[in-house]
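What follows is a short report on a single structure.
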Amino acid sequence: MKAGKDKVIAIHYTLTVDGEKVESSHDRDEQLWILLGHGQLIPGLEKALEDREAGETLQVEVAAADGYGERQEDQIQRMSKKYFPQANRLKPGMVTVLKLKDGGQRAVTVHKVGMSAIDVDLNHPMAGKALHFDVAIGDVRDATEEELQHGHAHPPGGAAH
């Protein structure tokens, strides 16, 4: 079966940026389960997985525009410390999570820490970077109705909520 929209795919991957390993599913010894076509992956990686089959391995180079986007220099914003858990421990260069009004969250990089405010870079920490993925496809299957309704894959033995 070939991977594509509304298919569930299980992969092991290693992400390398500028020659340094950033993360790997092998470190957790768990495959990543994805419902394709539902925004769970960066566009460049998802496109590279289309029409692939279980058992395939591939190396994928994803340009910044197809990954986390190009860096935008006007994305520094000053925010009250109240929006950051453990604000007093933050230092310039650290990546932290900003809680959003809609209940979501966003990774930001601390630019400057003041007495009552923190300047953060709203660019994703990997914006402007080319990404290299080594991927091994473990499984490709049709999504269940429940997975389609939920908008994400359920790994074997659980609903992953």
Side-chain angles (χ1 to χ4, degrees), residues 2-5 7-79 81 83-100 104-114 117-140 151-156 158 160-161:
K2 293 188 182 280
K5 183 167 174 45
K7 302 287 187 203
V8 171
I9 185 170
I11 63 170
H12 266 299
Y13 71 94
T14 298
L15 169 60
T16 307
V17 177
D18 298 329
E20 289 187 39
K21 181 173 105 171
V22 174
E23 67 181 36
S24 177
S25 63
H26 299 283
D27 294 343
R28 297 180 304 275
D29 200 28
E30 290 182 18
Q31 293 184 97
L32 179 64
W33 290 82
I34 303 124
L35 175 59
L36 291 176
H38 292 262
Q40 294 181 310
L41 290 177
I42 57 172
L45 182 56
E46 185 156 333
K47 183 174 173 130
L49 293 171
E50 289 178 9
D51 295 324
R52 301 293 184 149
E53 296 183 14
E56 286 190 56
T57 59
L58 59 149
Q59 294 187 341
V60 181
E61 296 292 332
V62 178
D66 294 324
Y68 293 97
E70 300 294 344
R71 278 194 57 73
Q72 298 176 8
E73 295 308 319
D74 63 346
Q75 291 296 301
I76 304 291
Q77 186 170 348
R78 180 162 291 160
M79 308 191 76
K81 281 187 172 181
Y83 294 109
F84 300 90
Q86 303 181 340
N88 293 329
R89 295 184 180 183
L90 296 176
K91 298 192 180 338
M94 293 176 78
V95 176
T96 188
V97 175
L98 176 64
K99 294 182 180 181
L100 304 176
Q105 47 190 12
R106 179 178 187 169
V108 296
T109 304
V110 176
H111 186 70
K112 178 180 172 186
V113 178
I118 297 175
D119 292 354
V120 295
D121 183 345
L122 298 175
N123 286 293
H124 187 281
M126 287 192 241
K129 297 184 184 270
L131 311 172
H132 175 85
F133 290 91
D134 290 304
V135 180
I137 301 172
D139 193 17
V140 178
H152 61 258
H154 296 167
H161 288 266

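These figures come from a predicted structure and were not determined experimentally. The first residue in the sequence is number 1, and the count goes up from there.
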Separation between CD of Gln31 and OG of Ser25, rounded to the nearest 0.5 Å: 7.5 Å
Validation row: Gln105, Thr96 side chains within 4.5 angstrom (heavy atoms): no
A side-chain contact here means heavy atoms from C-beta on lying under 4.5 Å apart; do Leu15 and Leu131 qualify? yes
Is atom NE2 of His111 surrounded by more than 12 heavy atoms (other residues, nucleotides or ligands) closer than 6.0 Å? no
Criterion side-chain hydrogen bond (donor to acceptor under 3.5 Å, both in side chains) against Asp121, the qualifying member of Arg71, Gln75, Gln77: Arg71
Main-chain N/O of Glu53 paired to Glu56 side chain as donor or acceptor, under 3.5 Å: yes
Please confirm whether the backbone N or O of Tyr13 pairs with a side-chain atom of Ser24, one donor and one acceptor, at under 3.5 Å? yes
So do the side chains of Ile118 and Leu90 get within less than 4.5 Å of each other, counting heavy atoms only? yes
Within the structure provided, determine whether Arg106 and Val97 are in side-chain contact (heavy-atom separation under 4.5 Å). no
Which distance, rounded to the nearest 0.5 Å, do you find between the CD1 of Ile9 and the CH2 of Trp33? 10.0 Å
With a 4.5 Å cut-off on side-chain heavy atoms, are Val135 and Leu49 touching? yes
Crowding at CZ, Arg78 (>12 non-hydrogen neighbours, <6.0 Å): no
Step-by-step side-chain contact (heavy atoms from CB on, under 4.5 Å) determination, Met126 to Val22: CA-CA 10 Å; Met126 287 192 241; Val22 174; 3.9 Å; yes
Nearest heavy-atom pair of Val95 and Pro125: which atoms, and what distance? CG1-CG, 3.8 Å
Can you name the closest pair of heavy atoms from Glu70 and Ala65 and give their distance? OE2-N, 3.7 Å
If we ignore hydrogens and angles and just use 3.5 Å, is the side chain of Arg52 paired with the main-chain N or O of Ile137 as donor and acceptor? no
With rounding to the nearest 0.5 Å, note down the distance linking CD1 in Ile76 to OG1 in Thr109. 8.5 Å
Does a side-chain heavy-atom distance below 4.5 Å link Val110 with Val108? no
CG of Leu35 to CG of Leu41: how many Å apart, nearest 0.5 Å? 10.0 Å
When you measure from the side chain of Asn123 to the backbone of Gln72, do you find a donor-acceptor pair of N or O atoms at a distance under 3.5 Å? yes
Please check if atom NZ in Lys81 has more than 12 non-hydrogen atoms from other residues, nucleotides or ligands closer than 6.0 Å. yes
Measure the CG-CD distance between Leu36 and Glu50 for me, rounded to the nearest 0.5 Å. 7.5 Å
Heavy-atom pair with the smallest gap, counting every atom of His12 and Asp29: CE1-C, 4.2 Å
What heavy-atom pair brings His132 and Asp134 nearest, and what distance separates the two atoms? NE2-OD1, 3.2 Å
Within 6.0 Å of CD in Glu61, more than 12 heavy atoms from elsewhere: yes
Note: Lys5 and His38 closest approach over all heavy atoms is NZ-NE2, 4.1 Å
Apply salt bridge (charged side-chain N to carboxylate O under 4.0 Å, His left out) to Lys47 and Asp66, showing your working. CA-CA 9 Å; Lys47 183 174 173 130; Asp66 294 324; over 6 Å; no
Check whether any side-chain N or O of Glu46 sits under 3.5 Å from a backbone N or O of Gly37 as a donor-acceptor pair, and report yes or no. yes
Scanning both residues in full, the closest heavy-atom pair of Asp139 with Ala54 reads CA-CB, 4.0 Å
Would a 4.5 Å heavy-atom cut-off, applied to side chains only, mark Val62 and Ile42 as touching? yes
For the backbone of Val113 and the side chain of Lys91, can you confirm whether one donor and one acceptor N or O come within less than 3.5 Å of each other? no
